There are 2 protein chains.
Amino acid sequence: MPRFVDAAARRREIVEAVKRIVAADGLARVSLREVAAEAGLVVGSVRHYFDTAEELRVHALEAVADDVAGRVEAEADLVAQLCQLLPLDEARAVDLCVLTAFRLAARTDAALLPVADAAHARVAAVVGRSVRAALPDVEPHELVAEAERLLATVEGLALHALVHGRWLDADLCLAVVVAQAATLGRVPIS
Amino acid sequence: MPRFVDAAARRREIVEAVKRIVAADGLARVSLREVAAEAGLVVGSVRHYFDTAEELRVHALEAVADDVAGRVEAEADLVAQLCQLLPLDEARAVDLCVLTAFRLAARTDAALLPVADAAHARVAAVVGRSVRAALPDVEPHELVAEAERLLATVEGLALHALVHGRWLDADLCLAVVVAQAATLGRVPIS
DNA sequence: AGCTTCGAAGCACAGATGTGCTGCCACGCA
DNA sequence: TGCGTGGCAGCACATCTGTGCTTCGAAGCT
């Protein structure tokens, strides 16, 4: 091997550039040229690590999804897990905003969909385990509904905070999540 | 006036073409040429009604947002209002999917943002009134949190149903919304 | 009939994008 | 010392996009 270069680190740098672009200007601006410029490289160099533009997008989604899912899995408390899905600080805001953009794109992009589904499954599994621990005797059907009720609330909150951020500060986010978690098992599922 | 043409109807047809494209292939495919082809017209004709591409996008968002907000405002019952924000049938699925795509795009598109904000405000006002009716004596701060708790849940549900549709059928959506509505006022807001 | 006016259609051009391909250059082994 | 291989840079081309501008056609009023 000739010159020694940490390829994995380079790929991470490029993914970081993608994240900055999505956070600032949206997925539409993620082109090879924009990404290369943001990463301080040229198109040819980016393509040396990601053969096609689609490969770059898929890898970027995998990277953020893994970051977010990892943070959720690292928490033991249910509320703490859910808080990892809220844009309560700058890092989470960027990751969640990128993840949300990619997830919506996955609806119409066959290459992105399995990655988005897998990430969602990881998070849902963690939340499902916490709900099971909180409600040991609940039926499976009700467990799914209760987990979905929590997850949907948190992701709806995140969406609101990202799009209409001025009307939804971190305190309100937290209050809503705590209140929502307190309703666990308080209501029968039809 | 020479030839008689219903300009408003033509604009509606073009917006319908935009909706079909967004629902099928995402916002990225909404270009003048694609929209014209989908509407059975040519670029020049579409531009006769919408001078620029941005104007077309803004008007399409206005139209969908107005449809959805109108449907919510037409319902008297809180649960019925919330159900208008779920993709429980094909028409609502298309509208909500288009609306969600535009709302996320509004985060980084200054022309779209005020329209998205206004639509959100209309829906939030309706839900807020219903929450006020259900909890007449609650404090304003708690009312906002409770309304947001409901709205976030419903929009999170809608997002899940749109992206990961196979894991979330209409019955589960409905069950979650009913259960969520039943938690209104059952928990103190910190 | 003739003219005006609007709806529709179609160029043409500049800019951006993905991708195939070639050139360059430094390093480390022979 | 020579040289080949991996990392990097860039060109070239076809495609797609938005938009300015022109052209055509048909209807209705005078």
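Because the structure is predicted, anything quoted here is derived from the model rather than measured. In what follows, chains carry the letters A, B, and so on, assigned in the order in which the sequence lines appear, proteins first and then strands, with residues in each chain numbered from 1. Computation of the quantities below employed the complete heavy-atom set of this structure, encompassing side-chain atoms and omitting hydrogens, waters and symmetry-equivalent molecules.
- We find that NE2 of B:H48 is positioned 11 Å from P of C:dA9, with the value rounded to whole Å.
- Of the possible donor and acceptor atoms, one in the side chain of A:R11 sits under 3.5 Å from a partner among the backbone N and O of A:Y49.
- Contact check, B:Y49 against C:dG7: no side-chain N or O comes under 4.0 Å of OP1 or OP2.
- Considering only side-chain atoms of B:R10, the nucleotide from D:dA9, D:dG18, C:dA8 that sits closest is C:dA8.
- Between A:E34 atom CD and C:dG15 atom C1' the separation is 13 Å, expressed in whole Å.
- Within a heavy-atom distance below 4.0 Å of DNA chain C, no residue of residues 13-29 of chain B is found.
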| In B/S/- notation, 5' to 3', how is nucleotides 10-15 of chain D contacted by protein heavy atoms closer than 4.0 Å? | B-B---
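- Panel note: side chain B:E148, backbone A:V176; no donor-acceptor pair is recorded below 3.5 Å.
- For A:T52, taking side-chain heavy atoms from C-beta onward, the closest of the listed nucleotides D:dC8, C:dT19, D:dT17 is C:dT19.
- Salt-bridge check for A:E38 with A:R33: failed, with every basic side-chain N at 4.0 Å or more from each acidic carboxylate O.
- Looking at the side chain of B:L32, the nearest of the listed nucleotides C:dA9, D:dT19, D:dA9 is D:dT19.
- Comment: A:R92 does not engage A:D95 in a salt bridge, judged by the lack of any side-chain N to carboxylate O separation of less than 4.0 angstrom.
- Scanning for salt bridge (Lys or Arg N to Asp or Glu O under 4.0 Å) contacts around B:R29 gives B:D25, with sequence neighbours left out.
- For B:R20 (side chain) and B:A39 (main-chain N/O), no donor-acceptor pair under 3.5 Å exists by modelled atom type.
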| query | When you look at A:R57 and A:E54, which way does the salt bridge (Lys or Arg N to Asp or Glu O under 4.0 Å) test go after all the steps? | reply | CA-CA 5 Å; A:R57 283 191 292 264; A:E54 181 179 80; 5.3 Å; no
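- Taking atom CG on B:D51 and atom C1' on D:dT19, their separation rounds to 10 Å, with Å as the unit.
- Here the side chains of B:R149 and B:Q180 are in contact, with some heavy-atom distance below 4.5 Å.
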